[in-house]
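I have placed the structure first, in the form of structure tokens, so that the comments after it can refer back to it.
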Amino acid sequence: QVQLVESGGGSVQAGGSLRLSCAASGYAHINYCMGWFRQAPGKEREGVAGIDSDGDTSYLDSVKGRFTISKDNAKNTLYLQMNDLKPEDTAMYYCAADPYALLAYGGTWCRHHPYYYWGQGTQVTVSS
């Protein structure tokens, strides 16, 4: 099984940046489908970004051009670089992984995939 640990959340002012990290363990690599999700109080969880085994990516419309998902396979770590943060980005952010999704399913598929393995979350708070 996969263990996922997020870090990098915090409180920033609007326009600021944060980089979230998700360290994966339990498998020798992370060449599989992974994603970042977020959930704000009183709202449903939404897929923010997804990346497949080939590095194809997909983003929620509201974060396109501001967020970038990437992997460092040597470190078994998934990242989410978040720039130009807005108050509406405030939420708990979670990473998710499917170590059986080894084919290039596409970033969109990975962003909408019903994952089984999840991290514990890291809070992002953006003030205006």
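For the numbers below, each heavy atom of this structure counts, side chains included, while hydrogens, waters and symmetry mates do not. Keep in mind it's a predicted model, so treat the numbers as computed, not measured.
Of all the heavy atoms in V2 and P99, the pair that sits closest is CG2-CG, 3.5 Å. In this structure, P87 and S128 approach most closely via the heavy-atom pair CG-CB, 3.9 Å. Contact record, L18 with L85: N-CD1, 3.9 Å, taken as the closest heavy-atom pair. Between L78 and G35 the shortest heavy-atom distance is CD2-O, 4.0 Å. R111 and S58 make their closest contact through NE-OG, 3.0 Å (heavy atoms, listed as atom of the first residue, atom of the second, distance).
A donor-acceptor contact shorter than 3.5 Å is absent between the side chain of K75 and the backbone of A23. For the pair D52 (side chain) and D54 (backbone), a donor-acceptor distance under 3.5 Å is present. Of the possible donor and acceptor atoms, none in the side chain of Y117 sits under 3.5 Å from a partner among the backbone N and O of C95. A donor-acceptor pair under 3.5 Å links the side-chain atoms of Q120 to the main chain of E6, judged by distance alone. Between the side chain of T90 and the backbone N or O of V126 there is at least one donor-acceptor pair closer than 3.5 Å.
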Next on the checklist: Assess the residue pair K64 and D61 against the criterion (salt bridge (Lys or Arg N to Asp or Glu O under 4.0 Å)); give the C-alpha distance rounded to whole Å, side-chain angles, the decisive distance to 0.1 Å, and a yes or no.
Outcome noted: CA-CA 5 Å; K64 283 180 181 177; D61 282 347; 3.0 Å; yes
Next on the checklist: Is there a side chain to side chain donor-acceptor pair (under 3.5 Å) between S53 and N31? Walk through the geometry before answering.
Outcome noted: CA-CA 5 Å; S53 59; N31 286 330; over 6 Å; no
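Two different hydrophobic clusters hold W118 and W109 under the rule that ILVMFWY side chains link at heavy-atom gaps under 4.5 Å. Taking hydrophobic clusters as Ile, Leu, Val, Met, Phe, Trp and Tyr residues chained together by side-chain heavy-atom distances below 4.5 Å, Y94 does not share a cluster with L4. Grouping the Ile, Leu, Val, Met, Phe, Trp and Tyr side chains by contacts below 4.5 angstrom, directly or via other members, places V5 apart from M34. Connection of M92 to Y115 is established within a shared hydrophobic cluster, with ILVMFWY side chains joined at heavy-atom distances below 4.5 Å, either directly or through further cluster members.
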